[in-house]
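To start, the structure under review is shown below, and the notes come after it.
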Protein chains: 2
Amino acid sequence: MVAQADDAVFRPVRTGNPFEETVERLLQAIKLGVVVPGDRLPSERDLAARLNVSRVTLREAIHALTEAGYVESRRGRYGGTFVNAQLPKPRRTPAKRLARELGDGLEDALVLRSALETGAAEAAAERALSEAEQEHLRRCLAETSGAKLSDYRRFDSRLHLAIAEVSGSPSLTSATADVRMRLNELLDAIPLLERNLRHSNEQHEAIVAAILAGDPPAARQAMQEHLSGTATLLRAFLA
Amino acid sequence: MVAQADDAVFRPVRTGNPFEETVERLLQAIKLGVVVPGDRLPSERDLAARLNVSRVTLREAIHALTEAGYVESRRGRYGGTFVNAQLPKPRRTPAKRLARELGDGLEDALVLRSALETGAAEAAAERALSEAEQEHLRRCLAETSGAKLSDYRRFDSRLHLAIAEVSGSPSLTSATADVRMRLNELLDAIPLLERNLRHSNEQHEAIVAAILAGDPPAARQAMQEHLSGTATLLRAFLA
DNA sequence: ATCTATTGGTCTGCCCCCAGTCCATTGACT
DNA sequence: AGTCAATGGACTGGGGGCAGACCAATAGAT
């Protein structure tokens with residue numbers, strides 16, 4: 001049976017209720033390194049407006065994250081909700097089990113990720129980046145290079161997200177963040193070796209260099225190589 | 001000001017209520033040619049389950065489309081909801097106005113589309129397509145080539161969607177359908193010339209040929225050329 | 001010491017959406 | 001002619017999310 005277009009257009013209009021979605025988003029912000037330990041989240045009123053969710057629902061989500069140990073709230077002016085210094089360590093679900101649960105979902109995510117991120121790298125290299133954007137890229141690159149092993153995944157996510165950002169397409173950035181979250185659980189299941197990490201950093205350098213140099217084909221090529229390395233690693237560990 | 005990652009991760013958790021989203025989905029099915037005039041939609045019970053929406057909400061959406069002249073329902077066994085033979089003609093909003101309303105949204109959509117569809121073409125060419133998939137592609141191609149001017153947009157959408165389908169990534173297919181819907185309103189605003197149409201058909205041939213031949217770089221290249229042509233046309237008319 | 005702006009915390013009434021159930025209609029099959 | 005399965009149509013009770021108003025705490029500014 002061939003995959004039908006019906007499946008795409010008649011897919012669920014929403015996955016989960018607003019509360020669950022909100023929790024997911026806040027986790028995204030933390031796990032992708034958009035807010036780092038010690039950072040303050042936007043005020044409840046602001047955040048609720050941006051997420052287009054009632055303050056009650058947002059508060060329930062924050063409460064859930066508080067119980068899970070991710071954030072803490074303080075009242076009063078200059079108060080707010082802050083990301084904890086010690087984040088809960090992700091439970092390492094056995095790789096085999098994850099693979100079974102996901103099934104075709106892994107290939108789905110990998111194909112989508114490849115399209116999005118190589119496209120983002122290419123688009124970013126085509127644009128004339130502002131000084132601020134260039135600086136932002138360089139900082140994310142440096143932070144990732146200097147990250148401890150325990151923090152590496154978060155800074156790596158942040159760097160990839162930064163590349164998507166400078167593509168100039170917000171939708172592309174959002175989609176990149178989403179697919180990365182889908183993969184992060186898998187990535188947590190495989191060990192992080194010093195050697196892979198060094199190799200990864202070299203590839204990051206090449207990607208950012210090509211983007212800053214305004215060389216779209218090189219940027220695409222470098223990103224493609226980087227991603228296929230990760231993809232191979234994942235497929236191997238989850239096979 | 002540089003675009004912040006916040007904007008991506010703190011974007012609204014949902015745009016519109018379930019009713020509106022459902023209407024949008026059904027319109028998508030019709031306008032992208034997933035269901036053609038005369039076709040029957042899945043039964044309300046089935047469809048509601050697939051869309052993860054209550055039957056009441058789905059019925060309200062169908063009712064709205066009935067009033068708008070898109071579909072008609074018949075009761076009894078072998079009844080159902082059918083797509084009208086005469087679809088309401090899209091109102092041609094003046095291009096300038098659309099461009100103003102969208103603003104950066106146009107560039108956003110074009111960049112995302114490029115990433116998704118060139119990625120899809122490449123991924124499709126990498127896969128070993130089943131006989132059914134190959135036939136499906138060829139049929140969509142033939143239908144588009146033979147389409148009347150008034151139906152062209154719908155068959156063209158369907159063909160592009162078919163290419164995304166055979167990429168093997170459902171998420172990629174969904175995303176492609178969504179961004180196409182965003183662009184279709186713009187595309188309706190620009191005239192369709194016989195000459196562009198012939199050129200478009202030739203490019204479609206090249207894309208499908210490269211996919212069937214299993215030549216990823218050629219498929220990407222062909223798709224890239226095709227899309228950049230459309231993009232140029234759009235930018236010119238909306239400038 | 002007091003004031004005040006900003007933030008998290010709480011409560012109320014309302015509406016949309018939902019799951020489940022039953023009814024009404026239709027047309028192919030026997 | 002009768003049967004029957006599947007479809008659209010209609011109703012009900014309940015729950016989640018909503019907007020808005022108000023309370024409580026906090027720390028800088030005066």
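Order of the sequence lines sets the chain letters (A, B, ...), proteins ahead of strands, with each chain counted from 1.
Atom pair B:Glu72:CD and D:dG8:C1' shows a separation of 14 Å (rounding to whole Å applied). We find that OH of A:Tyr78 is positioned 22 Å from P of D:dA24, with the value rounded to whole Å. Taking atom CG of B:Leu51 as the reference point, atom P of C:dC17 lies 14 Å away to the nearest angstrom. D:dC18 atom C1' lies 13 Å from atom CG of A:Leu58, rounded to whole Å. Rounded to whole angstrom, the span from the CZ atom of B:Phe19 across to the C1' atom of C:dC16 amounts to 12 Å. Rounded to an integer number of Å, the gap from CZ of B:Arg77 to P of D:dG8 is 13 Å. To the nearest angstrom, P of D:dT7 lies 12 Å from CG of B:Leu47. With rounding to whole Å, B:Arg40 atom CZ is found 11 Å from D:dA6 atom P.
Picking from D:dG17, D:dG8, C:dC17 the nucleotide with the shortest atom distance to the side chain of B:Ser43 gives D:dG8.
Using the six-membered ring where Trp is involved, B:His160 and B:His204 have ring planes that are perpendicular, over 60° apart on the 30 and 60° scheme.
For CZ of B:Arg74, the number of neighbouring non-hydrogen atoms (other residues, nucleotides, ligands) closer than 6.0 Å is 12 at most.
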Listed pairs, N/O of protein and of nucleotides 9-11 of chain C, under 3.5 Å:
residue, atom, partner, partner atom, Å
C:dG9, OP2, A:Arg59, NH1, 2.8
C:dG9, N7, A:Arg55, NH2, 2.7
C:dG9, O6, A:Arg55, NH1, 3.0

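A salt bridge does not link B:Arg154 with B:Glu143: none of the charged nitrogens is closer than 4.0 Å to a carboxylate oxygen. One finds no salt bridge joining A:Glu21 and A:Arg14 here, because no Lys/Arg side-chain nitrogen approaches an Asp/Glu carboxylate oxygen to under 4.0 Å.
Note that the CG atom of A:Leu32 and the CG atom of A:Leu159 stand 12.5 Å from one another [nearest 0.5 Å]. The structure places CG of B:Leu186 at 8.0 Å from CG of B:Leu110, a figure rounded to the nearest 0.5 Å.
An OP1 or OP2 oxygen of D:dC18 is reached within less than 4.0 angstrom by a side-chain nitrogen or oxygen of B:Arg14. Put simply, B:Thr57 has a side-chain N or O that comes within less than 4.0 Å of OP1 or OP2 on C:dC18.
Neither side chain, A:Glu135 nor A:Ser130, offers a donor N or O lying under 3.5 Å from an acceptor on the other. Side chains of B:Arg113 and B:Thr230: a donor-acceptor N/O pair is absent below 3.5 angstrom, by distance only.
Within a heavy-atom distance below 4.0 Å of DNA chain D, no residue of residues 23-31 of chain B is found.
Nearer to the 5' terminus of DNA chain C, by closest-nucleotide assignment, is the contact made by A:Leu41 (compared with the other of B:Val53 and A:Leu41).
The nearest pair of heavy atoms linking B:Tyr152 to B:Asn201 is OH-OD1, 3.1 Å.
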